[in-house]
Visitor: 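Quick one: the structure is below, and I'll ask about it shortly.
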Amino acid sequence: MRQWYGVRAKGSRMTRSWAEPWKIKVVEPIRMTTKQERIAAIAEAGYNTFLLRSEDVYIDLLTDSGTSAMSDQQWAGMMIGDEAYAGAKSYYNLVGAVEDVYGYEELIPTHQGRAAEHILSQILIKDGDYVPGNMYFTTTRFHQEYAGGKFVDVIIDEAHDPTSLHPFKGNIDLDKLRKLIDEVGADKIPYISVESNVNMAGGQPVSMANLKATYELCHQHGILVMLDATRTVDNAWFIKQREEVYADKSIAEIMREICDYSDGATVSSKKDNLVNIGGFLALRDPELAKQARALLVAFEGLHTYGGMSGRDMEALARGIREMVETDDHVRARVGQVEYLGNKLVEAGVPIIRPVGGHGVFLNAKAILPHIPHDEFPAQALAAALYVESGVRGMERGIVSAGRNKVTGNHNYPKLELVRLTIPRRVYTQAHMDVTAESVIEVVENSAAVGGLRFTYEPESLRFFQARFEPIG
Ligand code: P71
C-alpha cells in the first residue's frame, strides 16, 4: 500500500524556524506608563535602573537572574517539597539531579550563587593569594578579595574588544595564565575560576578545547579548576554550534564534558536552572566538601538545605533536569536573544558581537561618544532607554567596575555596556520587536542624552545602590 503522507520529492530540504517548546498556561499583566511618569520615576530612582519599582517597568530586561518562568512540573514540585529540617527528600532529589546532569558528587546547597562563592573563597583563598579568572564578575571578585585574594584577568584580549567576532571570546589566554604561574608561583594560586558563557564579556562562550587545555595546565601545577557553571547550558549550545566535533552531541552530553574539566563549581541557580531563588557549590573532593559544610551551617543553614526551603530544592531539582531534557529548550532560549540582537545589527546599532547567550549588550561608548567615560555613558543610556520606552536594562561598565582599592581611582573597563538581558520563557517575540524599536529610537536621538554624576556612591558593589544626577 502507498504511504498516504510522508513521501517528499527527492532533494527537497525543509527548513523550519525554531519555536518555543512550550505553551503559556499562566500570564501576568504588565503596564505601560506615560513618558511623564517615567521621567519622574527615573529621577526618583537616582538614574539607577536597580532602584526603579518594577511596577513602573514595561519590559524588564534588567537581568535573567531569578526571573525565569517555572514549568507546570516545577510548580507541582513546589507542592510536594519536603520541608523536613534535616534529610529532606527534596534535598536528595537535588543531589541526584546535580550528580546526573553536572557529574559532581558533593553538593553544598546555598540560597544563591554569591553564597557559594563566599564559602568557596573562604575555604581555598589565603591572604596574598592570586585567583585568575576569565574576566571578573562583580560578586565573584568581591568574595575573592574579601578572602584576601587578588583577582587576575586571564581572558583572551578579544573579549575586551566589542568589534571582535571571535567565536569563543570567553576563552582563557593560556600564555597569560602561564605568565602568572611563573611570576607568583603555583603555590600562591589556589584555583582558577573559569566562568562558562562569560557574563561581563557579553555572554560569550569558552570552547571545549580551551577548557581541556586549561584543566591540563592547571593540574600540571597542582592548581584547582573551579567552574562558574551559572550559564553552562548556553555555553554548551555554542559549543554544539561552533566546535565541529560536538555538532552531533546532545546538550546534556556537552554539559557533562564541560564539567569533567573542573574540580567543582559554583552555580547561581537563578539562571540556567530555571528557578527564582537558589544556588549551590558542588565539589568532587570529600575533604574540601567537609570544610565547605562547616561554613555552610554557620552562614546558610543545615547541610541538607543550606539556604533553601524544601520546595525550592524540589523545583530546582526539576529545573536542572528540564534545562537539558531537550536541545530545543536552549535552542529557543538563545534563538530569542539572537533574534533581538540581529534586529539591532540590521538597524546599525553597535552591540557586542557575536550576540551572547543571555542578552544583547549595547556598546554605550559607541552610541554616546560625546559623554566622557567618567560621566557614565552606559548608566545614562540605560536611564534614557527606560524613559523612552519603559524597557529596563542594566549598566555594565565603569559603575559596575568600581574603584581601584589602592589608588581610589575608577577602574576604567574597555567595555562600557548596557545589558538587555532576556529572562527564560517569559517574553515573546513581540516584546523583542518593541524592545528593538525602542533602542533604535534612543540611538537615533542619542545627541539628546547627557552625562551623570554621583550623588551617592556606596563603597563596595556600588552599582546596586548608587544614585546620580544629570550634569548641566
Ligand atoms: C546577573 C546576576 C545577578 C547580579 C549580580 C550582581 C550584580 C548584578 C546582577 C549573578 C551571577 C553571575 C555569575 C556568572 C555569579 C553570580 C551571582 N548574576 N556568577 O547577571 O552572573 O549569583 O546573583 O545568585 O548571587 O544579573 P547570585
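For this chain, numbers begin at 1 and follow the sequence in order. What you are looking at is a predicted structure, and each value in this text was computed from that prediction instead of being measured.
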Visitor: So if I apply the side chain to side chain contact (heavy atoms under 4.5 Å, CB included) rule between Ser121 and each of Glu145, Arg141, Gln144, which one comes out positive?
Guide: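 Of the listed options, the one satisfying the test is Gln144.
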
Visitor: I'd like to know if Lys179 and Asp182 make a salt bridge, using a cut-off of under 4.0 Å between side-chain N and carboxylate O.
Guide: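 Salt bridge absent between Lys179 and Asp182.
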
Visitor: Assess whether side-chain contact (heavy atoms from CB on, under 4.5 Å) is satisfied between Ile108 and Leu283, documenting all intermediate values.
Guide: CA-CA 8 Å; Ile108 290 96; Leu283 296 165; 4.0 Å; yes

Visitor: Do other residues, nucleotides or ligands put more than 12 heavy atoms under 6.0 Å from the CG atom of Asp248?
Guide: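 Not more than 12 within 6.0 Å, no.
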
Visitor: Hey, does the Lys NZ or Arg CZ of Arg114 hover above the aromatic six-ring of Phe137, less than 6.0 Å from the centre and inside 45° of the axis?
Guide: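 No, Arg114 and Phe137 do not form such a contact.
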
Visitor: Ser269: what forms a side-chain hydrogen bond (donor to acceptor under 3.5 Å, both in side chains) with it, not counting sequence neighbours?
Guide: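 Ser269: side-chain hydrogen bond (donor to acceptor under 3.5 Å, both in side chains) contacts with Asn273.
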
Visitor: Nearest 0.5 angstrom please: Glu416 CD to Leu381 CG, how far?
Guide: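 One gets 9.5 Å once the value is rounded to the nearest 0.5 Å.
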
Visitor: Go through the steps to decide whether Arg318 and Glu314 satisfy the test salt bridge (charged side-chain N to carboxylate O under 4.0 Å, His left out), and finish with yes or no.
Guide: CA-CA 6 Å; Arg318 292 171 183 222; Glu314 194 61 47; 3.4 Å; yes

Visitor: Are Ser262 and Val194 packed together at the side-chain level, in the sense that at least one heavy-atom pair is separated by less than 4.5 angstrom?
Guide: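 The answer is no; the side chains never approach within 4.5 Å.
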
Visitor: Answer whether the closest heavy-atom distance between the side chains of Trp237 and Ile239 falls below 4.5 Å.
Guide: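 In short, these two side chains do not touch, never coming nearer than 4.5 Å.
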
Visitor: What residues form a side-chain hydrogen bond (donor to acceptor under 3.5 Å, both in side chains) with Thr266, not counting sequence neighbours?
Guide: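 With neighbours one apart ignored, the set is empty.
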
Visitor: Evaluate whether atom CD of Glu99 has more than 12 neighbouring non-hydrogen atoms of other residues, nucleotides or ligands under 6.0 angstrom away.
Guide: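 Counting other residues, nucleotides and ligands, CD of Glu99 exceeds 12 neighbours.
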
Visitor: Could you pull out all donor-acceptor pairs under 3.5 Å where a side-chain atom in residues 77-88 meets a protein atom, sequence neighbours excluded?
Guide:
{"unit_1": "Asp82", "atom_1": "OD1", "unit_2": "Ala84", "atom_2": "N", "d": "3.0"}
{"unit_1": "Asp82", "atom_1": "OD2", "unit_2": "Lys89", "atom_2": "N", "d": "2.8"}
{"unit_1": "Glu83", "atom_1": "OE1", "unit_2": "Gly310", "atom_2": "N", "d": "2.7"}
{"unit_1": "Glu83", "atom_1": "OE2", "unit_2": "Arg311", "atom_2": "N", "d": "2.9"}
{"unit_1": "Glu83", "atom_1": "OE2", "unit_2": "Arg311", "atom_2": "NH1", "d": "3.2"}
{"unit_1": "Tyr85", "atom_1": "OH", "unit_2": "Tyr305", "atom_2": "OH", "d": "3.3"}

Visitor: Just one of Arg425, Arg333, Arg424 clears the salt bridge (Lys or Arg N to Asp or Glu O under 4.0 Å) bar with Glu322, so which one?
Guide: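 By the salt bridge (Lys or Arg N to Asp or Glu O under 4.0 Å) criterion, Glu322 pairs with just one of Arg425, Arg333, Arg424: Arg425.
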
Visitor: For residues Glu338 and Asn342, determine if any side-chain heavy atom of one lies less than 4.5 Å from a side-chain heavy atom of the other.
Guide: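 Touching, per the 4.5 Å side-chain cut-off.
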
Visitor: Using a 6.0 Å cut-off, check whether atom CZ of Arg31 has over 12 heavy atoms from anything other than its own residue.
Guide: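 Yes, the 6.0 Å shell around CZ holds more than 12 heavy atoms from other groups.
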
Visitor: Counting only heavy atoms not in Tyr130, do more than 12 sit closer than 6.0 Å to its OH atom?
Guide: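 No - once you tally the heavy atoms of other residues, nucleotides and ligands closer than 6.0 Å, there are 12 at most.
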
Visitor: Within a strict 4.5 Å, meaning less than it, do heavy atoms of the Leu62 and Phe50 side chains meet?
Guide: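 Yes, their side chains come closer than 4.5 Å.
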
Visitor: Does a sphere of radius 6.0 Å around CD in Glu183 hold more than 12 heavy atoms from other residues, nucleotides or ligands, not counting ones at 6.0 Å or beyond?
Guide: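 Yes, because the 6.0 Å sphere around CD of Glu183 holds more than 12 heavy atoms from other groups.
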
Visitor: Going by atom types alone, do Thr428 and His431 pair a side-chain donor with an acceptor below 3.5 Å?
Guide: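 Thr428 vs His431: donor-acceptor pair found between side chains.
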
Visitor: Salt bridge check: are Lys271 and Asp234 linked by an N-O gap of less than 4.0 Å?
Guide: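 No.
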
Visitor: Could you report the tightest heavy-atom contact between Ala382 and Gly393, atom names first, then the distance?
Guide: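 Of all heavy-atom pairs spanning Ala382 and Gly393, the closest is CB-O, 4.4 Å.
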
Visitor: Which atoms form the tightest heavy-atom contact between Asp129 and Leu124, and what is the distance?
Guide: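 Heavy atoms of Asp129 and Leu124 come nearest at OD2-O, 4.0 Å.
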
Visitor: If you apply the rule side-chain contact (heavy atoms from CB on, under 4.5 Å), what do you find for Val337 with Val360, and how did you get there?
Guide: CA-CA 7 Å; Val337 177; Val360 172; 4.2 Å; yes

Visitor: Passes side-chain contact (heavy atoms from CB on, under 4.5 Å), Thr163 versus Asn363? Steps please.
Guide: CA-CA 10 Å; Thr163 63; Asn363 184 351; 5.8 Å; no

Visitor: What residues, two or more places apart in sequence or in another chain, satisfy side-chain hydrogen bond (donor to acceptor under 3.5 Å, both in side chains) together with Lys23?
Guide: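 Checked Lys23 against side-chain hydrogen bond (donor to acceptor under 3.5 Å, both in side chains); zero matches.
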
Visitor: First locate atom CD1 of Ile422, then atom CG of Asp60, and finally report the distance between them rounded to the nearest 0.5 Å.
Guide: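 Here the interatomic distance stands at 10.5 Å.
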
Visitor: Is the closest side-chain donor-acceptor distance between Asp153 and His160 under 3.5 Å?
Guide: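 Side-chain D/A pair, Asp153 to His160: present.
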
Visitor: Using atom types as modelled, flag every donor-acceptor pair under 3.5 Å from a side chain in residues 198-226 to any protein atom, sequence neighbours excluded.
Guide:
{"unit_1": "Asn199", "atom_1": "OD1", "unit_2": "His358", "atom_2": "NE2", "d": "2.9"}
{"unit_1": "Asn199", "atom_1": "OD1", "unit_2": "Arg419", "atom_2": "NH1", "d": "3.0"}
{"unit_1": "Gln204", "atom_1": "NE2", "unit_2": "Gly202", "atom_2": "O", "d": "3.3"}
{"unit_1": "Gln204", "atom_1": "NE2", "unit_2": "Pro354", "atom_2": "O", "d": "2.8"}
{"unit_1": "Ser207", "atom_1": "OG", "unit_2": "Asn210", "atom_2": "N", "d": "3.0"}
{"unit_1": "Asn210", "atom_1": "OD1", "unit_2": "Ile172", "atom_2": "N", "d": "2.7"}
{"unit_1": "Asn210", "atom_1": "ND2", "unit_2": "Ile172", "atom_2": "O", "d": "2.9"}
{"unit_1": "Thr214", "atom_1": "OG1", "unit_2": "Asn210", "atom_2": "O", "d": "2.7"}
{"unit_1": "His219", "atom_1": "NE2", "unit_2": "Asp263", "atom_2": "OD1", "d": "3.3"}
{"unit_1": "His219", "atom_1": "NE2", "unit_2": "Asp263", "atom_2": "OD2", "d": "2.9"}
{"unit_1": "His221", "atom_1": "ND1", "unit_2": "Leu217", "atom_2": "O", "d": "3.1"}

Visitor: Between Asn48 and Gln465, do the side chains contain a donor N or O and an acceptor N or O under 3.5 Å apart?
Guide: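 No.
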
Visitor: Once you round to the nearest 0.5 Å, how far does CD of Glu253 lie from CD1 of Ile251?
Guide: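 Result: 10.0 Å between the selected atoms.
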
Visitor: Does the side chain of Phe464 reach to within under 4.5 Å of the side chain of Pro458, using non-hydrogen atoms?
Guide: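 A side-chain contact under 4.5 Å is absent here.
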
Visitor: Can you tell if the side chain of Leu227 reaches within under 4.5 Å of the side chain of Cys259, non-hydrogen atoms only?
Guide: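 Touching, per the 4.5 Å side-chain cut-off.
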
Visitor: Return the NZ to CG distance between Lys25 and Asp72, rounded to the nearest 0.5 Å.
Guide: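 Reported to 0.5 Å precision, the distance equals 4.0 Å.
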
Visitor: Below 4.5 Å, heavy atoms only, C-beta onward: do Val355 and Leu340 meet side chain to side chain?
Guide: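 A side-chain contact is absent here, since even the closest heavy-atom pair is not under 4.5 Å.
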
Visitor: Do Gln112 and Val275 have side-chain heavy atoms sitting under 4.5 Å apart?
Guide: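 Side-chain contact under 4.5 Å: no.
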
Visitor: Hey, are Lys343 and Asp433 close enough for a salt bridge, meaning a charged N less than 4.0 Å from a carboxylate O?
Guide: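 Salt bridge present between Lys343 and Asp433.
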
Visitor: Using the side-chain contact (heavy atoms from CB on, under 4.5 Å) rule, take Ile320 and Tyr102 through it: C-alpha gap first, then chi angles, then the decisive distance, then the call.
Guide: CA-CA 9 Å; Ile320 287 172; Tyr102 293 89; 4.0 Å; yes

Visitor: For the residue pair Tyr146 and His143, does the interplanar ring angle fall in the parallel (under 30°), tilted (30 to 60°) or perpendicular (over 60°) class?
Guide: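 Tyr146 and His143: perpendicular rings.
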
Visitor: Are Asp187 and Lys126 close enough for a salt bridge, meaning some N to O gap below 4.0 Å?
Guide: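 Looking at Lys126 together with Asp187, the answer is no, because their closest N to O distance does not fall below 4.0 Å.
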
Visitor: How many angstroms lie between CH2 in Trp22 and OG in Ser71, if you round to the nearest 0.5 Å?
Guide: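 Going from CH2 on Trp22 over to OG on Ser71, the span is 12.0 Å.
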
Visitor: Can you pull out every ring pair (Phe, Tyr, Trp, His ring centres under 6.0 Å) where at least one residue sits in residues 177-213? Sequence neighbours excluded, please.
Guide: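 Qualifying pairs: none.
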
Visitor: Are Glu287 and Lys290 close enough, and set up right, to give a salt bridge (charged side-chain N to carboxylate O under 4.0 Å, His left out), and what steps lead you there?
Guide: CA-CA 5 Å; Glu287 256 322 295; Lys290 209 182 269 175; 3.4 Å; yes

Visitor: Quick one: pull up CE in Met32 and CD1 in Ile59 and give me the separation to the nearest 0.5 Å.
Guide: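 Output value for this atom pair is 7.5 Å.
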
Visitor: Will you find, in the side chains of Glu195 and Thr230, an N or O donor that is under 3.5 Å from an N or O acceptor?
Guide: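 Side-chain D/A pair, Glu195 to Thr230: absent.
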
Visitor: Determine the minimum heavy-atom distance between Leu417 and Ala378, stating which atoms define it.
Guide: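 Where Leu417 meets Ala378 most closely, the heavy atoms are O-CB, 3.2 Å.
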
